[in-house]
Amino acid sequence: MKVVVCYAYVFFFVFLAGAVNAALSEETPSAGSNSTEFIRKCCAATLYPGLCYTSLSGYANEVQQSTVELAHVAAKVTLARLRSTAFHVAALRRNATGPERGALRDCSEQLDDAAEWARNTVKELKGLAGAVGPKVASRVSNALTWMSAALTCEDTCTDGLLMVAAGSVKADVCHRVRKVEKYTSNALALIHSLGFNR
């Protein structure tokens with residue numbers, strides 16, 4: 001009889017522990033969930049919140065709930081997009097002729113410059129979360145300046161193409177660059193927010 005009672009207690013506590021764990025898992029949001037909601041909230045302050053969230057939510061574990069890390073990741077994503085677009089434009093330039101070739105050359109150079117500015121931004125934001133003192137404001141200011149320069153280079157690229165190039169090449173390149181501009185704009189907004197939320 002005592003053995004039966006002991007087993008009954010064991011099963012009861014096992015069942016109770018399982019029920020408590022299930023309840024906690026339902027009521028307590030996971031760290032990943034908290035981080036993705038944090039990213040969604042920060043992205044709401046950008047010009048393209050949907051793109052911002054979809055492009056950055058996959059980095060929730062890296063970002064956690066750090067505005068600095070979010071801006072850093074956004075800059076890295078922008079840099080990757082810029083490099084890909086610059087490579088595509090360079091390939092098109094090799095097969096182009098006449099004024100279109102010159103416009104693509106100029107655009108390619110502008111995108112290379114934009115990528116360099118974005119790379120500088122990534123370097124400036126790396127490790128910023130652990131920085132203290134006046135250097136923090138200086139580094140944020142540098143990052144803003146460089147990402148703004150990248151956006152200017154992107155604009156210059158499309159302006160030149162609109163004046164010279166025609167047809168499918170112009171449409172393709174302008175579409176790609178304008179998409180990159182959205183990533184750059186979002187990164188710029190997230191960097192700008194560091195002056196208020198850090």
Side-chain angles (χ1 to χ4, degrees), residues 29-89 106-160 174 176-198:
S30 66
S33 175
N34 285 337
S35 297
T36 53
E37 284 307 307
F38 169 78
I39 292 171
R40 189 189 302 277
K41 180 180 177 182
C42 291
C43 283
T46 67
L47 285 178
Y48 310 99
L51 177 66
C52 177
Y53 178 75
T54 55
S55 64
L56 300 178
S57 58
Y59 300 90
N61 289 336
E62 181 178 345
V63 170
Q64 296 297 316
Q65 295 191 44
S66 168
T67 53
V68 172
E69 287 305 319
L70 182 60
H72 184 221
V73 168
K76 289 195 292 184
V77 169
T78 299
L79 174 58
R81 288 281 177 169
L82 271 167
R83 284 173 170 168
S84 175
T85 304
F87 180 83
H88 178 74
V89 173
D106 293 342
C107 177
S108 180
E109 291 174 355
Q110 290 294 329
L111 292 178
D112 286 340
D113 288 344
E116 184 63 19
W117 291 123
R119 188 180 70 84
N120 289 342
T121 304
V122 170
K123 289 173 62 179
E124 198 68 61
L125 294 175
K126 184 177 181 180
L128 181 63
V132 294
K135 287 187 177 181
V136 174
S138 176
R139 289 173 63 176
V140 171
S141 178
N142 288 341
L144 281 170
T145 299
W146 293 330
M147 195 56 84
S148 295
L151 194 58
T152 299
C153 289
E154 293 159 8
D155 283 336
T156 303
C157 161
T158 53
D159 287 346
C174 285
R176 289 171 184 268
V177 175
R178 284 169 180 159
K179 185 66 177 288
V180 172
E181 285 182 303
K182 294 180 180 180
Y183 285 92
T184 309
S185 170
N186 284 343
L188 189 60
L190 294 172
I191 296 167
H192 185 264
S193 73
L194 296 180
F196 303 96
N197 299 327
R198 191 174 183 278

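- Side-chain contact between Trp146 and Glu124 is present, with heavy atoms from C-beta onward closer than 4.5 Å.
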message = Set out, in order, the CA-CA distance, both residues' side-chain angles and the distance that settles side-chain contact (heavy atoms from CB on, under 4.5 Å) for Leu56 and Val63, then state yes or no.
response = CA-CA 9 Å; Leu56 300 178; Val63 170; over 6 Å; no
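- Within the 4.5 Å cutoff, side-chain heavy atoms of Lys126 are placed close to those of His72.
- A disulfide bridge connects Cys107 to Cys157: their SG atoms sit within less than 2.5 Å of one another.
- Remark: side-chain polar atoms of Asn186 are not paired, donor with acceptor, to backbone N or O of Thr46 under 3.5 angstrom.
- No side-chain heavy atom of Ile39 sits less than 4.5 Å from a side-chain heavy atom of Tyr59.
- Side-chain contact check for Leu82 versus Glu154: some heavy-atom pair is nearer than 4.5 Å.
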Applying side-chain contact (heavy atoms from CB on, under 4.5 Å) to Leu70 and Ser66, what does each step give before you reach the verdict? CA-CA 6 Å; Leu70 182 60; Ser66 168; over 6 Å; no
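- In this structure the side chain of Phe38 reaches within 4.5 angstrom of the side chain of Thr67, judged on heavy atoms.
- No salt bridge links Arg178 with Glu181; every basic N to acidic carboxylate O contact stays at or beyond 4.0 Å.
- Within the 4.5 Å cutoff, side-chain heavy atoms of Val136 are placed close to those of Leu128.
- Remark: the backbone N or O of Leu51 is paired with a side-chain donor or acceptor of Thr54 at under 3.5 angstrom.
- Side-chain atoms of Ser138 do not come within 3.5 Å of backbone N or O of Pro134 as any donor-acceptor pair.
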Practice problem: Using the side-chain contact (heavy atoms from CB on, under 4.5 Å) rule, take Tyr53 and Thr36 through it: C-alpha gap first, then chi angles, then the decisive distance, then the call. | Solution: CA-CA 8 Å; Tyr53 178 75; Thr36 53; 3.9 Å; yes
Derivation and outcome, salt bridge (Lys or Arg N to Asp or Glu O under 4.0 Å), residues Glu116 and Arg119 = CA-CA 5 Å; Glu116 184 63 19; Arg119 188 180 70 84; 2.6 Å; yes
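- Between the side chains of Gln65 and Ser35, no donor-acceptor pair of N or O atoms lies under 3.5 Å.
- Looking at Thr184, its side chain does come within 3.5 Å of a backbone N or O of Val180 through a donor-acceptor pair.
- For Ala71, the side chain to side chain contact (heavy atoms under 4.5 Å, CB included) criterion is met by Leu125, Leu190, Ile191, Leu194, not counting sequence neighbours.
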